[in-house]
Amino acid sequence: MATKVVNKLPQFVTRTEQRGARGVAQALVLGAAEASVMTPIDTSNLLNSQYRDVSKHGKAIVGRVGYTAEHALPVHDPEHKQQFRRATAKKEFLKKGFEKAEPNIRGVITGAIRV
């Protein structure tokens with residue numbers, strides 16, 4: 001019996017890592033979607049520059065969401081005063097988007113890694 005468990009351990013670890021990566025990807029989609037609603041729009045360059053990335057660093061699965069537009073950081077920065085045209089636009093849109101999505105993100109991650 002113990003030999004059977006040991007022999008299947010690599011497949012179990014691989015499946016668990018794959019489920020974890022899928023859960024992180026789903027979490028990024030949820031947070032990024034909330035952030036998109038709060039992202040200021042002038043020419044849509046900022047909104048269209050949003051990216052998501054899931055990668056493995058050692059034993060950790062890491063997810064990132066960001067913007068490639070050069071003006072993303074000053075627009076996000078609460079110290080940089082601006083007026084936005086879009087009614088739902090907010091400073092710190094990425095941070096606030098993930099905070100708003102946090103309950104759903106917790107559920108997605110928990111469901112993804114449940115054995």
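The model shown is predicted, which means the values in this text are computed figures rather than measured ones.
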Approximate separation, where rounding is to 0.5 Å, of [X] [atom1] and [Y] [atom2]:
| X | Y | atom1 | atom2 | value |
| --- | --- | --- | --- | --- |
| Gln50 | Thr68 | CD | OG1 | 10.0 Å |
| Leu9 | Thr14 | CG | OG1 | 9.0 Å |
| Lys96 | His76 | NZ | NE2 | 8.5 Å |
| Ile61 | Arg19 | CD1 | CZ | 10.5 Å |

Minimal non-hydrogen separation, [X] against [Y], with atom names:
| X | Y | answer |
| --- | --- | --- |
| Glu34 | Ala101 | CG-CB, 3.8 Å |
| Ala112 | Gly23 | CB-CA, 3.5 Å |
| Ala27 | Ile105 | CB-CG2, 3.6 Å |

Restricting to side chain to side chain contact (heavy atoms under 4.5 Å, CB included), what partner residues turn up for [X], sequence neighbours left out?
| X | answer |
| --- | --- |
| Val29 | Arg52 |
| Ala69 | Asn45, Leu46, Ser49, His71 |
| Asn48 | Ser44 |

Problem set entry | ILVMFWY cluster membership beyond Leu47 - transitive side-chain contacts under 4.5 angstrom | Ile41
Exercise. Are there more than 12 heavy atoms of other residues, nucleotides or ligands under 6.0 Å from atom CD of Glu70?
Worked result: no
Problem set entry | Val37-Leu30 co-clustered via ILVMFWY side chain contacts under 4.5 Å | no
Exercise. What side chain to side chain donor-acceptor pair (under 3.5 Å) pairs are there with at least one residue in residues 79-88, not counting sequence neighbours?
Worked result: Asp42-Arg85, Gln82-Lys91, Arg86-Thr88
Not counting sequence neighbours, which residues clear side chain to side chain donor-acceptor pair (under 3.5 Å) with [X]? List them please.
| X | result |
| --- | --- |
| Asp77 | none |
| Ser55 | His57 |
| Lys100 | none |
| Glu99 | none |

Problem set entry | salt bridge (charged side-chain N to carboxylate O under 4.0 Å, His left out) partners of Arg15, counting only residues at least two apart | none
For this session: Only counting residues at least two apart or in another chain, list the ones meeting ring-ring contact (aromatic ring centres under 6.0 Å, His included) with Phe98.
Result: none
Problem set entry | side-chain contact (heavy atoms from CB on, under 4.5 Å) between Thr39 and Tyr67, intermediate numbers included | CA-CA 11 Å; Thr39 303; Tyr67 296 84; 3.2 Å; yes
For this session: Go through the steps for Phe93 and Phe84 under the test ring pair (Phe, Tyr, Trp, His ring centres under 6.0 Å), then give the verdict.
Result: CA-CA 12 Å; Phe93 46 90; Phe84 299 130; 8.0 Å; no
